[in-house]
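Working notes, beginning with the structure itself.
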Amino acid sequence: MTTLDTTVVVAEPPRVRAPVGRRRVIGALTIVLGLFVMLAFGLGSVAGAHSQFTFTPVNTSSGAPWNLAPLTVLTRWWNLGLGLVTVALGVETWVRRPAGALVRFGVGGVLFFIALLLWACREPGPSPVSSLNFTSVLIGSLSIAMVLIYGSLSGVLCERSGVVNIAIEGQFIGGALAGAMVDSVTNSFWLAALVGILVGALVGWLLALLAVRYLADQIIIGVVLVTLMSSVSSYLNIQVLAPYPNLNVGNQPSNVAIPLLSKIPIVGPVLFNETMFFYVAVLLVALISFGLFRTRWGLRVRSVGEHPKAAESVGINVARVRYSTVMLGGAVAGLGGVAFIAVQGQFQPGITSGLGYIALAAMIFGKWKPSGAVVASILFGVSAYLVDALQNENVPIPTEFMTMFPYLVTIAVVAGLIGRVRPPANDGVPYKRD
Amino acid sequence: MRVELQGITKRFGSFTANDHIDLVVEPGQIHCLLGENGAGKSTLMNVLFGLLHAEEGQILINGEPVHFDNSGEAVRHGIGMVHQHFMLVPVFTAAENVVLGFEPTKSFNRLDHKTANAKIVELSKKFGLEVDPDAVVETLPVGLQQRVEILKALSHDAELLILDEPTAVLTPQEIDALMEIMRSLARDGKSILFITHKLKEVRAVADVITVIRQGQVIDSVPPTETENQLAALMVGREVNLTVVKESTQLGDVVLELKDVVVRDDRGLAVVNGVCLDVHAGEIVALAGVQGNGQTELAEAIAGLRHVESGTITLRGQDITNHTPREILDAGLGHVPEDRQRDGLVLSMSLADNLVLNTPRRAPFARRGTRNLNAVDANATALVERFDIRTTGIDATAASLSGGNQQKVIVARELARPLTCFMASQPTRGLDVGSIEYVHRQIVNQRNEGLGIFIISSELDEVVALGDRIAVMYAGKVTGIVDPSTSREDIGLLMAGSTMGEHV
């Protein structure tokens with residue numbers, strides 16, 4: 001028989017299965033993507049077709065020091081090449097199953113994007129008569145991505161504290177409407193931003209009131225708030241904006257070029273010659289990322305979203321944290337609404353067309369992290385913009401299918417690519433003190 | 001620190017959970033609060049910890065009256081609590097959990113991880129509670145998670161430590177280690193309030209035992225009191241703690257598990273090659289600390305979870321990955337672990353709950369129409385036979401006490417001819433009277449030749465009921481032993497030793 005052993009036998013926790021199988025799936029998807037590029041965009045172009053990209057954005061002076069000359073290529077061969085590289089990446093991912101599988105897929109995605117543009121602007125003859133402005137495509141994509149970044153940051157904030165914010169769309173609408181009116185009257189986008197922030201925070205406060213105080217179902221409240229905001233905006237549109245068109249003049253803020261950096265080809269005009277809303281978005285990503293994961297404030301917000309009871313047991317006021325974080329999230333989304341109207345010009349009912357929901361998807365795709373939300377927002381921004389851009393090009397796809405594209409990408413990405421993600425444990429669960 | 005509770009009364013509506021309770025904890029004392037589930041122990045502790053507010057009475061610390069609006073204030077007054085369900089954020093590190101709410105910071109509100117870690121290492125050394133400050137809590141075994149909880153309380157300079165049912169989730173060895181920690185804390189002058197319903201532990205560690213029954217203090221006694229005396233105080237009448245079992249004839253194998261592999265929701269193979277058989281006329285009891293795959297194994301047998309590989313047979317018939325309906329029809333009776341979630345439809349009547357597993361069958365239904373007379377007759381008969389205390393067969397399942405809810409499930413499952421009866425945690429949360437009753441029913445069925453498979457994390461129950469005891473650890477059966485085996489050896493099996501090494 002044995003003697004009594006008083007030391008605690010520490011049990012080895014069961015090991016998490018490495019996502020090796022998923023990497024193989026990603027590899028396979030990359031191969032499929034590459035083959036698609038080769039077949040559809042490569043062999044799908046006639047042998048002698050040419051494509052031309054230009055790189056000088058329309059709105060900058062042509063006298064910039066480092067301008068790139070237009071690039072003219074043989075569409076079929078370039079696309080076959082791009083597809084082949086993608087297939088190679090996929091094969092390597094399939095065989096080696098590296099940790100950076102998703103990064104390789106991302107590179108494949110970028111190549112797909114370039115191939116798609118080359119194919120879309122091809123001309124059958126040897127000397128192209130039309131060309132595609134590559135830099136403008138990036139600028140346009142980024143303007144949508146920027147709005148999505150505001151929305152998904154709002155989602156990250158709220159859900160990290162345990163409140164699901166379906167109402168981002170409503171906060172966009174509120175911010176956009178208020179922004180359009182304030183800017184029209186004052187001609188100041190700074191004031192418009194301020195009012196947009198207040199409107200967004202007010203919607204956030206309503207959400208928090210119903211969710212935290214009255215413990216209502218957050219999904220339902222969110223949808224109700226969106227419906228409310230969209231109805232209010234329709235009403236105001238008919239009653240106020242229509243009879244007084246000078247309340248909706250559709251100003252757009254001027255760009256702020258950063259010296260030197262804005263002169264870099266492609267990157268300069270895309271990243272360093274933007275409106276203040278873009279720079280603020282970048283700043284917010286950094287700030288919220290830092291705040292959530294490096295500071296005491298962030299630790300407390302996250303503890304409330306993960307295990308509110310534990311937070312309360314160490315004296316953290318769960319309700320107060322949720323109220324303040326949800327209002328902060330609302331403010332960010334409200335600002336996003338103003339940013340949106342700054343891009344779009346005039347306000348019209350239904351103008352946000354579900355961007356708030358796509359922002360929510362971007363937040364999930366980004367695994368409830370600001371940095372991830374940025375990547376996802378760019379992906380969704382690109383796919384949303386492409387729809388607009390390609391409608392003017394030589395693309396034999398019905399418009400109706402084209403407009404589905406961003407949503408299809410959203411479904412595919414959220415459902416399949418990211419694997420298992422874990423939301424905050426008490427996300428969407430009302431907390432009741434007992 | 002001397003803590004005194006005077007005349008604490010807490011009501012929930014018309015129900016008095018605490019009725020004028022007086023209690024004194026002296027410095028350096030291990031004071032045990034003993035009582036059944038629902039006796040009002042946890043309510044009292046939540047009042048002391050500022051989570052609930054008493055209608056009457058006051059709390060004195062070192063003679064001074066104090067009042068806590070929330071637990072933060074209790075903590076500032078030197079009271080620490082280790083909750084039954086740990087108040088730890090699973091995705092945070094040990095250090096982050098310990099400092100939460102009291103975080104050291106640098107400029108810009110930044111967390112000061114270095115100071116936090118240093119503080120934990122210092123506390124670990126001082127009290128002999130070693131924990132890696134950077135370990136993510138959810139990856140730690142339960143015993144170590146509990147250490148993090150204790151360290152958290154100590155880091156707030158707790159002078160009185162409340163431990164609420166701290167042993168429920170521990171192996172016998174971990175329990176021994178915990179008791180050693182409690183003694184060493186008491187030697188350092190800390191007061192400890194230890195809440196439990198387990199008699200053995202109380203006598204091993206307490207300086208004073210206060211027994212609570214139905215919200216009232218019954219008596220304070222020294223630990224020299226016998227277990228039977230303590231049980232009688234706790235329940236209010238003489239209790240028979242041992243289960244009498246007659247010897248029976250072993251029959252054929254009725255339930256056979258071969259190399260069963262089952263994954264949990266996270267995709268981990270938490271049941272990893274389990275082999276086991278249950279004969280007619282015997283009780284096989286599966287012991288093990290919670291979370292070693294027992295729950296998933298039971299779900300797999302009942303057809304509620306996919307079996308990855310291996311086979312499950314019920315008297316020779318392969319039921320692997322069959323539907324729950326087919327498995328019930330094949331003769332498996334199943335009492336699920338969480339009776340309120342999986343065992344009953346709480347909002348439905350007692351009568352309906354008693355036919356949940358055979359609603360479409362004659363005599364309860366014919367050609368898709370229910371025969372409510374038969375349903376009611378069945379309910380009346382079972383209420384009588386199983387002594388279910390209820391206001392009537394139309395009462396909702398939710399209106400019954402925990403013990404009577406369990407009787408409803410047991411009655412429903414035993415009301416039809418069975419091949420094998422499987423019960424998970426059959427007496428969890430029940431009072432001693434109900435435990436006696438359920439145990440008696442199980443033994444009776446065994447005597448009548450039914451094969452019985454019990455899954456329980458209560459070692460006492462496993463030893464009392466089992467004809468053979470199988471021990472599960474990390475998804476595997478680490479040993480099958482006789483119930484006369486010493487608790488230490490069973491404990492070692494529960495902690496992962498295999499038979500060959502130690503016995």
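Computed from a predicted model, the values in this text were never measured in an experiment. Only heavy atoms go into these numbers, but all of them, side chains included; no hydrogens, no water, no symmetry mates. So you know, we letter chains A, B, ... as the sequences are listed, proteins then strands, and number each from 1.
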Heavy-atom distance under 4.5 Å to chain A: side chain of [X], backbone, both or neither?
X: B:Leu100; value: both
X: B:Lys152; value: side chain
X: B:His85; value: neither

Practice prompt. Identify which of B:Gly291, B:Gly50, B:Gly72, B:Ser71 forms the greatest number of heavy-atom pairs closer than 4.5 Å to chain A.
Written response: B:Ser71
Fill in: Option among B:Leu48, B:Leu52, B:Leu51 that satisfies the side chain to side chain contact (heavy atoms under 4.5 Å, CB included) test with B:Thr43
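Filter result, single survivor: B:Leu52.
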Fill in: Heavy-atom contacts under 4.5 Å, residues 286-295 of chain A to chain B
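Result: A:Phe290, A:Arg294, A:Thr295.
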Restricting to ring-ring contact (aromatic ring centres under 6.0 Å, His included), what partner residues turn up for [X], sequence neighbours left out?
X: B:Phe49; result: B:His83
X: B:Phe68; result: B:His77
X: A:Phe278; result: none

Worksheet entry | B:Met472 side, atom CE; B:Asn272 side, atom CG - distance, nearest 0.5 Å | 9.0 Å
Worksheet item: In terms of heavy-atom proximity below 4.5 Å to chain B, should A:Ile316 be classed as side chain, backbone, both, or neither?
Response: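 Only the side chain of A:Ile316 comes within 4.5 Å of chain B.
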Worksheet item: Hey, does B:Gln146 have a side-chain heavy atom less than 4.5 Å from the side chain of B:Leu178?
Response: yes
Discussion item. With a 4.0 Å cut-off on N to O distance, would you call A:Glu306 and A:Arg302 a salt bridge?
Written reply: no
Worksheet item: Does the pair B:Glu103/A:Arg300 count as a salt bridge with the N-to-O cut at 4.0 Å?
Response: yes
